[in-house]
Structure formats: structure tokens, C-alpha cells
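Comments concern the structure below.
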Number of protein chains: 2
Amino acid sequence: MIILLVEDDTVLATHSIDFLAQEGIEVDYASTVRQAKAISKQQTYDAIVLDINLPDGDGLSLAKLWQNQRQEPILFLSARDALDDKLKAFSLGALDYLTKPFALPELAVRIKLLANKNNPQPTKQFNLDSLQVDLDARIITRGERIIVLSPQQWQLLAMLIKHYPNPVSKDTIINEIWPQQDSNNNMYKSLITRLRSNLTQADEPPLLHTLKKQGVALRKQHD
Amino acid sequence: MIILLVEDDTVLATHSIDFLAQEGIEVDYASTVRQAKAISKQQTYDAIVLDINLPDGDGLSLAKLWQNQRQEPILFLSARDALDDKLKAFSLGALDYLTKPFALPELAVRIKLLANKNNPQPTKQFNLDSLQVDLDARIITRGERIIVLSPQQWQLLAMLIKHYPNPVSKDTIINEIWPQQDSNNNMYKSLITRLRSNLTQADEPPLLHTLKKQGVALRKQHD
DNA sequence: CTATACTGTTACCTTACGGTTACCTATGCC
DNA sequence: GGCATAGGTAACCGTAAGGTAACAGTATAG
């Protein structure tokens with residue numbers, strides 16, 4: 001996720017950028033209207049955060065300029081709590097308005113809301129060869145056929161996908177799937193066999209490979 | 001446009017209702033959690049405005065209760081400006097948070113934003129195979145026949161539609177439909193059987209599938 | 001007040017999940 | 001060669017999770 005921040009208070013800006021980075025939000029930064037126009041030419045953002053008072057103009061007119069050319073959701077920042085400013089901002093297409101001082105976590109949350117509004121998060125999909133896994137809906141297909149897995153097998157597959165393309169060690173799997181049980185090697189072997197047989201049938205190439213002494217991994221083919 | 005306002009301060013509430021009426025926003029009003037639950041049973045709204053402090057509970061837990069069964073965007077009101085409250089609210093699915101005192105025009109603008117921007121045209125219709133559900137009128141048809149559901153069954157179906165095509169876990173369902181009861185597995189089983197039997201008859205393909213140990217989901221097909 | 005619907009409860013059935021075991025192959029080591 | 005280790009496969013089977021039907025108590029409507 002990447003946003004554009006336009007803010008002339010450099011202290012506030014650097015704090016914000018640092019905090020947002022921790023939250024996984026990348027920031028393009030501009031301190032003036034001119035810079036903002038220049039830097040934003042190259043890029044579309046998930047959201048735009050605009051200070052209203054800027055040295056060479058104001059955020060409101062920038063928003064007015066942009067409201068027909070750009071489609072990003074805009075959040076205004078301002079030291080002024082005046083109702084007029086807020087209403088004007090909203091009438092220019094603002095989707096949110098935050099009065100300084102504000103808490104950085106709140107800014108982060110509101111940015112994420114705006115960003116999600118525009119692109120509802122695509123369904124988490126995992127693809128490998130002809131295998132398709134929808135991690136939310138828990139639908140698995142390979143080629144045309146639909147694969148139904150038992151709870152344990154699903155759990156294992158999810159682990160493997162999470163670590164893809166790295167192998168997952170036997171111990172990790174055992175501890176994850178049978179917590180507080182004593183590790184029975186046979187249960188593990190059965191589980192692997194069953195998952196493998198469900199994932200691949202007939203002449204399909206195998207996807208679940210075991211690397212001796214290291215564990216198992218999801219791969220298109222052996223190395 | 002119609003919203004639900006839950007607020008125990010009757011002076012504030014009447015002012016708000018008057019002002020929102022001028023703005024063309026119709027308001028259903030409740031002053032307690034109990035009232036809110038009762039009045040909202042019959043209706044879906046374009047947005048919900050929730051005060052956090054209420055005489056018989058708080059808005060946060062109400063939002064938590066609703067977050068899986070209702071799809072309306074929620075705006076919180078609170079006299080408290082504490083960051084924790086805000087973050088908690090947002091984590092419960094709030095889309096906006098306004099601190100008292102606030103200006104009525106700002107409230108109106110933010111409500112309109114939620115109602116319009118969040119669901120451009122909220123799909124009040126749900127279709128799956130030959131099943132048609134009108135979420136507003138609560139009319140369900142499959143092919144030619146009209147399906148009538150009991151309250152519990154409707155509640156469950158609404159949950160499933162909201163999460164479609166993802167499964168909903170047994171625990172989630174039990175907590176939503178029988179809050180504060182101890183989870184009786186049999187009630188759950190009966191409910192599923194009853195809904196399933198109402199949704200599908202004779203030679204129709206099944207729509208309500210259960211994924212063992214994981215929950216149930218609405219699907220076209222899955223075996 | 002009666003009839004109907006809704007929901008909680010029980011009893012019984014069916015299924016497939018997962019643990020167990022037995023036997024197999026491959027590789028490595030003395 | 002003999003043996004050990006690591007993994008693979010297939011079959012067996014007890015059991016728990018889920019499905020269904022019937023019944024009863026309570027609410028609801030007419």
C-alpha cells in the first residue's frame with residue numbers, strides 16, 4: 001500500500017512516515033503544492049493525505065484541481081477545526097478530515113479504511129501449476145476437479161502455502177497439528193500420504209515433495 | 001436514505017433528527033441497546049450511528065454483536081476522545097468516529113459519505129443459482145417457489161450471504177444466534193438442518209454445504 | 001381460546017476422519 | 001551382506017461430527 005503525503009511540517013511528516021512504515025504503508029512525501037504535483041505525476045496511490053495549509057497554496061485548491069483528474073480517496077489534515085473548512089473539504093471530494101493534533105495510530109487506521117474502500121481486497125489466491133487455492137473460501141481446485149480436504153489436511157496445506165516455496169520441517173508440522181500430543185511418526189506419515197494423494201491423481205505431476213531430513217515443500221518439480 | 005441513530009441524550013438526539021430531516025435523511029431512533037435491537041430487526045439502513053455510552057450497555061459491544069450479521073456502515077459517537085476507544089471501534093468495523101461535541105452539518109456530511117461512498121449501490125439482492133434473496137424485503141425465492149424462513153433461519157442465511165462465498169464457523173454462528181447461552185451443539189445442528197431443508201427440496205442441488213470442523217458455506221456446488 | 005409456528009431437546013443413524021498397524025522401498029553405514 | 005533409518009502406501013476400524021426425524025413446551029396469531 002502506498003500513499004501520498006503532502007505536509008509542510010517536516011517534523012510531523014517524518015514522524016508520520018516512520019509510523020506508517022511500521023504499519024506497512026509506504027509514503028511518497030511532498031512538502032509543497034509544487035512538489036506534490038510533480039511527484040504525483042508518476043504514480044497512482046491508494047490514498048492521498050493533504051494538509052490544508054501549505055507554503056505555496058492550500059490543499060483545498062489542490063484537491064479541487066485533482067478532483068476530476070485523480071480518483072484517489074483524499075484525507076485532509078488541518079490545524080483548523082472550523083466547520084466551514086471541513087464542509088468545503090468534503091464538498092471537494094474529501095473522504096475524511098482529521099484535525100491536528102491527532103494520534104498517529106488513528107491516522108493509520110483511517111488511511112487503511114480509505115484505501116480499502118477503493119479496492120476491496122482481492123481474494124487471497126494461491127496458484128501453483130494447475131493447483132488453485134482460495135485461502136478465504138477454502139476452495140481448492142486442480143485443473144477442473146474440485147478437491148475436498150479433511151481439516152488436518154487443509155491445515156497442513158495452509159502451512160505449506162504460508163511458507164512457500166520453503167520446506168516445512170516435520171517437527172514444525174507435528175507441533176502445529178498435534179499440539180500437546182506426543183509426536184507419533186505414523187500419524188505424520190499418514191497425513192502426508194493422504195494430502196499428497198488428494199492433491200495429485202493419475203498422470204498429474206506431483207506437487208508435494210519431501211526433502212529428506214528437512215521436511216516437505218510445495219514445488220512444481222524437484223530440484 | 002434512512003439511518004439508525006442510537007443515542008441516549010434525548011436533546012442531542014432530537015436536534016440531530018431535526019437537522020438530518022432537513023438534509024433529507026430519515027432517522028430511526030433508539031435510546032437504549034434494547035430498543036436498538038428491537039427496532040432494527042425489521043429494517044436495513046444506509047448507515048448506523050452509534051453512541052458508545054448507553055444506559056444499558058455500550059455501542060462497542062452492540063457493534064461487535066452486529067459485525068457479523070449486519071452489513072451497514074457504522075459511525076460512532078462518543079464524548080471520549082481516547083485513542084483506545086477509537087481504535088477499538090475501528091477494529092470492530094466502524095467506518096468513522098466522531099467526538100462530541102460535533103457540528104450537525106459535519107455529522108450529516110459524514111453520514112452521507114458512508115451511505116453513498118461505501119456502498120455505491122448496496123447489493124440488496126443476492127443471487128446464487130436459482131436462489132434469489134431480497135435482503136431488504138426479506139423475500140426469498142428459489143425457482144418459482146417462495147421460501148419462508150423462521151427468524152433464526154433468516155439470521156443465519158443473512159450471515160452466510162454476508163460472508164459469501166466464505167464459510168462461517170460454527171462458533172461464530174452459535175455466538176451470534178445464541179449470545180450468552182452455553183453453546184448447545186444440538187440447537188446448532190437443528191438450525192442447519194432446518195435451513196437446508198427449506199432452501200433445497202426434491203431434486204434441487206444443495207446450496208448449504210458443511211466443511212467438517214470448519215463451518216458451513218453457501219456454494220453452488222462443492223462435492 | 002384454539003391453532004399454528006418456532007425452537008429446544010432427545011434419540012438414533014451415517015459417514016468419513018484420523019489413529020493404528022503391517023509391509024514396502026531406498027539409502028547409508030559398519 | 002546385514003541392519004538401521006526415513007519415508008511411502010494400503011487397509012482396518014473406533015469414534016466423533018454431523019444429519020434427520022419426532023416430540024414437547026412456549027410463543028404468537030387470529
Side-chain angles (χ1 to χ4, degrees), chain A residues 138 140 146-160 167-202 205-217 219 222, chain B residues 38 41-42 138 140 146-158 160 167-202 204-217 219 222-223:
Chain A
R138 306 194 172 187
I140 310 163
I146 296 175
I147 298 178
V148 183
L149 294 184
S150 75
Q152 277 187 347
Q153 291 170 47
W154 169 263
Q155 209 181 334
L156 173 56
L157 179 62
M159 284 179 70
L160 291 166
V168 182
S169 81
K170 185 203 284 194
D171 288 342
T172 310
I173 294 174
I174 288 180
N175 288 332
E176 180 86 15
I177 297 194
W178 298 277
Q180 91 262 21
Q181 316 258 342
D182 31 50
S183 46
N184 180 333
N185 194 20
N186 292 323
M187 287 150 53
Y188 169 79
K189 290 197 296 180
S190 285
L191 177 57
I192 300 284
T193 296
R194 283 162 178 157
L195 177 59
R196 179 177 291 136
S197 106
N198 279 327
L199 289 186
T200 102
Q201 81 178 13
L207 293 178
L208 184 54
H209 303 277
T210 112
L211 311 165
K212 284 214 168 172
K213 289 298 273 177
Q214 299 185 33
V216 289
R219 297 276 173 82
H222 270 112
Chain B
K41 279 255 165 70
Q42 323 293 336
R138 306 201 171 187
I140 310 165
I146 294 177
I147 298 178
V148 183
L149 294 184
S150 76
Q152 280 187 344
Q153 291 170 46
W154 169 262
Q155 208 181 333
L156 174 57
L157 180 62
L160 291 166
V168 182
S169 82
K170 184 203 287 197
D171 288 342
T172 310
I173 294 173
I174 288 179
N175 288 331
E176 301 277 333
I177 297 194
W178 300 277
Q180 88 263 23
Q181 317 258 343
D182 29 49
S183 46
N184 180 333
N185 194 20
N186 292 323
M187 288 151 52
Y188 169 80
K189 290 197 297 179
S190 285
L191 177 57
I192 299 283
T193 296
R194 284 162 180 156
L195 176 59
R196 178 177 290 135
S197 103
N198 279 328
L199 289 185
T200 103
Q201 80 178 12
E204 294 168 335
L207 294 178
L208 184 55
H209 302 274
T210 115
L211 304 129
K212 275 214 172 170
K213 210 44 198 152
Q214 299 177 6
V216 289
R219 298 275 172 83
H222 155 278
D223 306 44

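Every chain is numbered from 1, with letters handed out A, B, ... down the list of sequences.
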Whole-Å distance between dG8(D) P and Tyr188(A) OH?
7 Å
In whole Å, what is the span from the CG atom of Leu191(B) to the P atom of dG19(D)?
12 Å
Between Thr210(A) and dG8(D), is there a contact of a side-chain N or O with OP1 or OP2 at under 4.0 Å?
yes
Tell me, do Arg194(B) and Ser150(B) make a side-chain contact under 4.5 Å, heavy atoms counted?
no
Just to be sure I understand the rule, does Thr193(B) reach a base, reach only the sugar-phosphate, or reach nothing, if contact means heavy atoms closer than 4.0 Å?
base
With nearest nucleotides of DNA chain D determined for Lys212(A) and Lys212(B) from heavy-atom distances, which residue corresponds to the more 5′ nucleotide?
Lys212(A)
Rounded to whole Å, CG of Leu195(A) lies from C1' of dG8(D) at a distance of 14 Å
How many angstroms lie between CG in Leu208(B) and CG in Leu195(B), if you round to the nearest 0.5 Å?
5.5 Å
For Thr200(B) and Pro206(B), which heavy atoms make the closest approach, and how far apart are they?
CG2-CA, 4.1 Å
What nucleic acid atoms does Trp154(A) come within less than 4.0 Å of, heavy atoms only: base, sugar-phosphate, or nothing?
nothing
Under the rule for side chain to side chain donor-acceptor pair (under 3.5 Å), what residues qualify as partners of Gln152(A), not counting sequence neighbours?
none
Rounded to the nearest 0.5 angstrom, the NZ-CG distance for Lys170(B) and Asn185(B) is 4.0 Å
When you list every nucleotide of DNA chain C with an atom under 4.0 Å from a heavy atom of chain B, which one comes first 5' to 3', and which comes last?
dC6(C) to dC17(C)
Whole-Å distance separating the CG atom of Asn186(B) from the P atom of dC23(D)
18 Å
Measuring from Leu160(B):CG to His209(B):NE2, what's the distance to the nearest 0.5 Å?
11.5 Å
Heavy-atom check, side chain of Leu156(B) versus side chain of Ile192(B), under 4.5 Å:
yes
Gln201(A) has an atom CD; how far is it from atom P of dT9(D), in whole Å?
15 Å
Atom-to-atom span, CD1 of Ile192(A) to C1' of dA10(D) - whole angstrom:
17 Å
Nearest 0.5 Å, please: how far is OH in Tyr188(A) from CG in Asp171(A)?
9.0 Å
Take atom CG of Asn185(B) and atom C1' of dA16(D), then tell me their distance rounded to the nearest Å.
10 Å
Counting only side-chain nitrogens and oxygens, does Lys189(A) get under 4.0 Å of the OP1 or OP2 atom of dA6(D)?
no
With DNA chain C as reference, determine whether Gln153(A) or Pro151(B) sits nearer its 5' end, using the nearest nucleotide of each.
Pro151(B)
What's Asn184(B) touching, base or sugar-phosphate or nothing? Going by heavy atoms closer than 4.0 Å.
sugar-phosphate
Write down the distance between CD1 (Ile174(A)) and C1' (dA6(D)), rounded to a whole number of angstrom.
12 Å
Could you say whether Gln214(B) or Val216(A) is positioned toward the 5' end of DNA chain D, judged by the nucleotide with the nearest heavy atom to each?
Val216(A)
Select base, sugar-phosphate, or nothing to describe what Ser190(A) touches, counting heavy atoms under 4.0 Å on all strands.
base
From C-beta outward on Arg194(B), which listed nucleotide comes closest to its side chain: dG8(D), dG19(D), dC23(D)?
dC23(D)
